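Here's the structure, in structure tokens; my notes come after.
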There are 2 protein chains.
Amino acid sequence: MKSAVEPLKARRIYLLLRDRIVAGELPAGTRLPGEPALAAEHAVSRVTVRRALDLLEKEGLVQRKAGSGTFVHDTRAVRPIVADLSNVLSHLIDMGRSTDVKLLSFGYGVPSDQIAESLGLKPGERVQRSVRVRLIDGEPFSYLTTHVPEWIGLTYSEAELAAHPLLELIERSGVTTERATQAINATLAGPEAATALDLEIGSPLLTLTRIVYEPSGRGVEHLHALYRPDRYSFHMDLVRTGNDGERRWSPALGWPRGTDKTKAEKSKPDKNKLGEKPTRTARAIKQRS
Amino acid sequence: MKSAVEPLKARRIYLLLRDRIVAGELPAGTRLPGEPALAAEHAVSRVTVRRALDLLEKEGLVQRKAGSGTFVHDTRAVRPIVADLSNVLSHLIDMGRSTDVKLLSFGYGVPSDQIAESLGLKPGERVQRSVRVRLIDGEPFSYLTTHVPEWIGLTYSEAELAAHPLLELIERSGVTTERATQAINATLAGPEAATALDLEIGSPLLTLTRIVYEPSGRGVEHLHALYRPDRYSFHMDLVRTGNDGERRWSPALGWPRGTDKTKAEKSKPDKNKLGEKPTRTARAIKQRS
DNA sequence: CAAAGCTGTATTATCCATCATACAGGTTCC
DNA sequence: GGAACCTGTATGATGGATAATACAGCTTTG
């Protein structure tokens with residue numbers, strides 16, 4: 001029974017570096033601190049740093065040059081999806097990228113107290129539970145667990161769920177959806193989600209919990225979504241709305257769509273496109289987050 | 001050179017269980033599966049499960065009874081803060097909870113390329129960089145790194161920053177803020193953030209990156225915030241706005257405050273409730289999901 | 001060219017998280 | 001009361017991750 005204990009420190013350093021790279025903090029072409037420097041910074045041996053870099057290299061995020069250093073390599077390989085706060089990513093499909101859905105599980109049963117309460121169900125009332133994974137360009141990026149009251153769930157089949165958005169099916173059943181609440185949070189990947197999302201257990205995930213209500217106030221859908229943060233993030237534009245006395249911000253509804261250049265960026269002002277200077281960033285990486 | 005390697009599997013199980021507890025999936029009073037069951041479920045030895053439970057117990061999240069089982073204990077100790085999407089948490093302060101700010105670092109220098117670009121700075125232009133930790137009821141919940149163009153930063157002092165909201169200071173300098181973009185994501189805690197937030201390295205964190213612009217389009221503030229997911233989460237209400245053909249949702253601006261009916265009183269039987277010192281702080285807030 | 005830095009590679013030793021197993025003692029329930 | 005759970009506790013063995021160290025070959029720089 002090999003125990004297959006995974007690395008700890010090495011993996012940690014790998015994740016931290018990876019994070020800074022995909023976040024754009026370390027732009028492509030940047031030279032990382034040397035292995036001895038990283039080792040000192042994280043208080044580990046060079047061997048361990050080496051392992052972390054091995055992972056990054058295997059993933060194509062960095063490129064090592066013997067005698068020279070380790071360089072960030074082609075961040076473009078990782079292009080996160082950007083969704084606005086209402087969680088619409090249709091414009092991404094417009095961009096030529098296709099999303100697929102894989103239905104992992106489908107069935108009926110009595111939900112947990114928490115789900116039952118949030119949907120406003122009576123004790124013992126049954127729900128349909130489904131687990132889906134959404135892929136973009138063949139790569140998984142979200143793990144969706146949905147609970148729907150049984151009387152709604154019975155109006156569509158398993159096959160239909162695999163082919164149509166759930167909300168569409170719910171509305172087709174005659175239910176009107178009018179209001180929803182959602183909360184965004186973060187977690188670690190558990191075994192199932194990690195497998196489905198092609199991640200390692202313990203990776204960070206973005207969480208979205210949404211409950212959709214019909215006008216009467218009954219809950220019609222409980223969605224629990226887990227997103228890979230390197231492939232998905234929420235984005236929103238805000239405008240100042242309060243009177244000058246108070247600082248209040250409201251979401252800009254018709255937000256500009258061109259904002260999908262990947263990476264964090266502004267793209268609002270004309271003067272962006274500052275300089276793609278050939279990253280002459282030789283040694284400056286010392287600065288921290 | 002003691003290496004002090006931390007647990008891996010044990011910690012993982014601890015985090016997973018902890019997550020389900022604070023998320024309300026395992027309400028207070030629930031009996032956890034037995035140690036042998038958990039061991040089998042996670043494919044580890046009972047010793048390892050034991051370690052995970054030790055951590056939970058030390059944190060006061062579960063209580064063990066020899067011969068009987070392990071029970072979830074007083075989730076109310078963990079009360080997450082809820083912020084709406086414009087990241088205003090003033091209404092929380094109204095409810096009697098106080099936030100404090102600790103200024104960890106303050107200085108001027110040349111920012112990273114990423115920051116410079118997002119603020120629309122010319123190469124070499126300097127910024128003020130500050131790192132703050134925000135506490136609620138004495139407990140840290142957010143780690144804020146802000147970058148402000150030097151010409152704005154010079155209008156206030158280090159002491160003022162520690163005492164006033166940054167945006168207030170920026171506006172006091174004569175700058176008008178009008179637009180902002182923000183992105184929400186997830187990461188793992190690095191060494192500094194972990195220390196500041198009283199977490200272990202590798203814990204999941206909620207991320208908010210916000211850039212505030214003045215009307216001319218210049219960036220005036222770059223905020224990178226890390227939040228403890230167990231103490232903070234984003235919440236928003238959505239209303240259906242599209243015509244019935246399209247499913248489109250928009251944030252409900254004046255969202256009803258009393259809306260959510262707290263789930264703290266979900267626990268069915270109250271076999272638990274061991275009288276310990278009442279945590280002084282009113283526990284009215286609550287509401288998660 | 002030579003010094004200084006870097007990555008690549010190897011070896012040895014240590015540590016500790018985990019496993020496997022066994023038994024003691026408490027609780028629950030029939 | 002006793003079977004069947006449970007938690008508490010102790011044991012030794014093991015293997016993978018990490019540390020410490022040394023040296024090679026390449027690259028950059030002055």
Side-chain angles (χ1 to χ4, degrees), chain A residues 1-17 29-58 61-73 191 200-202 278-286, chain B residues 1-17 29-58 61-73 200-202 269 271-272 274:
Chain A
M1 222 29 166
K2 316 295 312 341
S3 69
V5 178
E6 298 111 303
L8 182 60
K9 299 189 174 179
R11 205 176 107 76
R12 185 163 289 167
I13 294 170
Y14 154 71
L15 286 170
L16 290 172
L17 285 175
T30 307
R31 191 181 133 251
L32 295 182
E35 291 172 5
L38 284 174
E41 178 182 343
H42 292 92
V44 298
S45 74
R46 208 186 124 211
V47 184
T48 304
V49 167
R50 203 123 228 301
R51 280 189 137 120
L53 295 179
D54 287 343
L55 293 171
L56 289 172
E57 186 180 32
K58 197 169 58 184
L61 284 176
V62 302
Q63 194 183 4
R64 292 153 115 169
K65 289 181 183 169
S68 176
T70 302
F71 301 84
V72 178
H73 173 350
E200 293 189 53
I201 297 178
T279 43
R280 150 113 235 93
T281 347
R283 88 278 95 164
I285 310 307
K286 192 43 232 261
Chain B
M1 222 37 138
K2 314 300 310 329
S3 69
V5 178
E6 296 112 306
L8 182 61
K9 297 189 175 177
R11 205 176 107 77
R12 184 164 289 167
I13 294 171
Y14 153 72
L15 286 169
L16 289 173
L17 284 176
T30 307
R31 189 179 139 256
L32 295 183
E35 292 172 5
L38 284 174
E41 178 183 343
H42 293 94
V44 299
S45 74
R46 207 188 124 212
V47 184
T48 304
V49 167
R50 203 121 228 298
R51 282 188 130 118
L53 294 179
D54 287 343
L55 293 172
L56 288 172
E57 186 180 31
K58 196 170 57 182
L61 283 175
V62 302
Q63 194 187 5
R64 307 213 254 195
K65 289 179 182 171
S68 178
T70 303
F71 302 84
V72 177
H73 170 53
E200 293 189 54
I201 298 177
K271 49 179 41 145
N272 60 333
L274 339 117

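A quick note: this is a predicted structure, and the numbers were derived from the prediction, not measured.
Along DNA chain C, the nucleotide nearest to A:Gly67 and the one nearest to A:Asp54 differ in position, and the one closer to the 5' end is contacted by A:Gly67. Comparing A:Ser68 and A:Val49, the nucleotide of DNA chain D nearest to each residue sits closer to the 5' end for A:Val49. Heavy-atom distances to DNA chain D give each of B:Ala66 and A:Arg46 a nearest nucleotide, and the one nearer the 5′ end belongs to B:Ala66.
Distance B:Arg51 CZ to C:dT18 P: 6 Å, rounded to the nearest Å. Distance, B:Arg31 CZ to C:dT28 C1': 10 Å, rounded to whole Å. B:His42 places its NE2 atom 12 Å from the P atom of C:dC19, with the value rounded to the nearest Å. B:Arg50 has its CZ atom 15 Å from the P atom of D:dT11, to the nearest Å. At whole-Å resolution of the value, CZ in A:Phe71 and C1' in C:dT7 are 11 Å apart. D:dT7 atom P lies 9 Å from atom CG of B:Leu32, rounded to whole Å. Taking atom CD1 on B:Ile13 and atom C1' on C:dA17, their separation rounds to 12 Å, with Å as the unit. One atom, CG of B:Leu38, and another, C1' of D:dG8, lie 16 Å apart when rounded to the nearest Å.
The shortest non-hydrogen separation linking B:Thr48 to B:Ala10 is CG2-N, 3.6 Å. When all heavy atoms of B:Tyr14 and B:Ala52 are compared, the pair lying nearest together is N-CB, 3.6 Å.
Between A:Leu53 and A:Leu32, the closest side-chain pair of non-hydrogen atoms falls below 4.5 Å. Between B:Lys9 and B:His42, the closest side-chain pair of non-hydrogen atoms is not below 4.5 Å.
Side-chain nitrogen and oxygen atoms of B:Lys9 include at least one within less than 4.0 Å of the OP1 or OP2 phosphate oxygen of C:dC19. Regarding contacts with the backbone of D:dC6, every side-chain N or O of B:Thr70 stays at 4.0 angstrom or more from both OP1 and OP2. At least one side-chain nitrogen or oxygen of A:Arg64 sits closer than 4.0 Å to the OP1 or OP2 atom of C:dG8. Considering only side-chain N and O atoms, B:Thr48 lies under 4.0 angstrom from the phosphate OP1 or OP2 of C:dC19.
Here the nucleotide nearest the side chain of B:Val47, chosen from D:dT7, D:dT18, C:dT21, is C:dT21. Nearest to the side chain of B:Ala10, among C:dT18, C:dT7, D:dA19, sits C:dT18. Of the candidate nucleotides D:dA19, D:dT7, C:dC19, D:dA19 has the atom nearest to the side chain of A:Val44.
Taking CZ of A:Arg11 as the start and CG of A:Leu16 as the end, the distance is 10.5 Å to the nearest 0.5 Å.
B:Ala43 comes within 4.0 angstrom of sugar-phosphate atoms only, judged by non-hydrogen atoms across all strands, and of no base.
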